[in-house]
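Contents: one structure, followed by commentary.
Residue indices begin at 1 and follow the sequence shown.
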Amino acid sequence: MDEINEIFCGDSYTPFLDYCELHNYKRMSDLMSCRFEELPELLGISSILLSRIRAICVLYFKKHPECRAASKPSKARASSKMDDLPDRLLVVFQQNANKLIHISEITKDLGKGVKRSDILHVLEHQSWCKIVDGSTFFYSPTD
């Protein structure tokens, strides 16, 4: 399977490639779990560029059906870990309330089985989490 940066080459795709790097998407099959609908809000990319990115992905996945088979985890197992992820992250952040927290510390605290991309997705949507850069965060109580 192809690398994402081989398929999406060109300056216009730089924000998307940065997003992929942040979420640890390396191969095209990794994009099966990408939340494309969030890209305009998170990256500030235009709807035209989003349409182009989606079209390229759809065409690629049609030509390479093995991507779909490679990316399907056990749904029951994956959903049970995602259900309580916001609560587990809140506990980690409250325990480290007075310091900056790097994504590697978060993944270590949560243990195996939780994807970095899932953690980033949840943190991007929590009011109590403030993002310093793409991999460093801090707790900010909402009260």
Practice task
For R88 and D109, run side chain to side chain contact (heavy atoms under 4.5 Å, CB included): C-alpha distance rounded to whole Å, both residues' side-chain angles, the deciding distance at 0.1 Å, then the answer.
Solution key: CA-CA 9 Å; R88 292 170 55 198; D109 286 346; over 6 Å; no
Exercise for the section: Would you please test I106 and L89 for side chain to side chain contact (heavy atoms under 4.5 Å, CB included) and show each step? Expected result: CA-CA 8 Å; I106 298 168; L89 284 168; 3.5 Å; yes
Handout entry: Chi angles and distances behind the side chain to side chain contact (heavy atoms under 4.5 Å, CB included) call for S135, R116
Key = CA-CA 10 Å; S135 61; R116 176 183 170 141; 4.3 Å; yes
Practice task
Tell me, with the steps shown, if C20 and N5 meet side chain to side chain contact (heavy atoms under 4.5 Å, CB included).
Solution key: CA-CA 9 Å; C20 291; N5 58 5; over 6 Å; no
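Checking side-chain atoms of H102 against main-chain N and O of S104 turns up a donor-acceptor pair under 3.5 Å. Using modelled atom types, no side-chain atom of H121 and backbone atom of S117 make a donor-acceptor pair closer than 3.5 Å. Listed for the D133 side chain is a donor-acceptor partner under 3.5 Å among the backbone atoms of T136. With hydrogens and angles ignored, the 3.5 Å screen pairs no side-chain donor or acceptor of Y139 with any backbone N or O of L90. A distance-only check finds a donor-acceptor pair linking the side chain of N96 to the backbone of V92 [under 3.5 Å].
A 6.0 Å sphere centred on CD of Q94 holds more than 12 heavy atoms belonging to other residues, nucleotides or ligands. Within a 6.0 Å sphere centred on NZ of K130, heavy atoms belonging to other residues, nucleotides or ligands number more than 12.
A distance of 5.0 Å separates CG in L120 from CZ in F137, rounded to the nearest 0.5 Å. To the nearest 0.5 Å, atom CZ of residue R54 and atom OG of residue S47 are 11.0 Å apart. Separation of atoms CG (L39) and SG (C34) is listed at 5.0 Å; rounding is to 0.5 Å. Distance check: E105 CD to L110 CG gives 11.5 Å after rounding to the nearest 0.5 Å. Atom CG of L85 is separated from atom CG of D118 by 7.0 Å, given to the nearest 0.5 angstrom. Taken from CD1 in I103 to CG in N24, the straight-line distance is 10.0 Å, to the nearest 0.5 Å.
Under a 4.0 Å N-O distance rule, the pair D30/K115 does not qualify as a salt bridge. Ion pairing between a basic and an acidic side chain is recognised when a charged N comes within 4.0 Å of a carboxylate O; R27 and E3 show such pairing.
Between L49 and S12, the shortest heavy-atom distance links the atoms CD2-O, 3.3 Å. Heavy atoms only, all atoms of each residue included: L22 and G134 are closest at CD1-O, 2.7 Å.
Linking Ile, Leu, Val, Met, Phe, Trp and Tyr residues whenever their side-chain heavy atoms come within less than 4.5 Å places F36 and M28 in a single cluster. Taken together through direct or relayed side-chain contacts under 4.5 Å among Ile, Leu, Val, Met, Phe, Trp and Tyr, F138 and I101 form parts of separate hydrophobic clusters. Hydrophobic clustering (side-chain heavy atoms under 4.5 Å, transitive across Ile, Leu, Val, Met, Phe, Trp, Tyr) groups F93 together with I131. Two different hydrophobic clusters hold L59 and I7 under the rule that ILVMFWY side chains link at heavy-atom gaps under 4.5 Å.
For the side chain to side chain donor-acceptor pair (under 3.5 Å) test, no residue two or more places apart in sequence or in another chain qualifies with S51. Applying the side chain to side chain donor-acceptor pair (under 3.5 Å) criterion to T107, with sequence neighbours excluded, gives no partner residue.
You'll find the side chain of I56 reaches within 4.5 Å of the side chain of Y13, heavy atoms only.
Between Y25 and H23, the ring planes lie parallel to each other; the angle is under 30°, not in the 30° to 60° tilted range. Ring geometry for F8 against F16 counts as perpendicular: the plane angle is over 60°, on a 0 to 90° scale with 30° as the lower cut.
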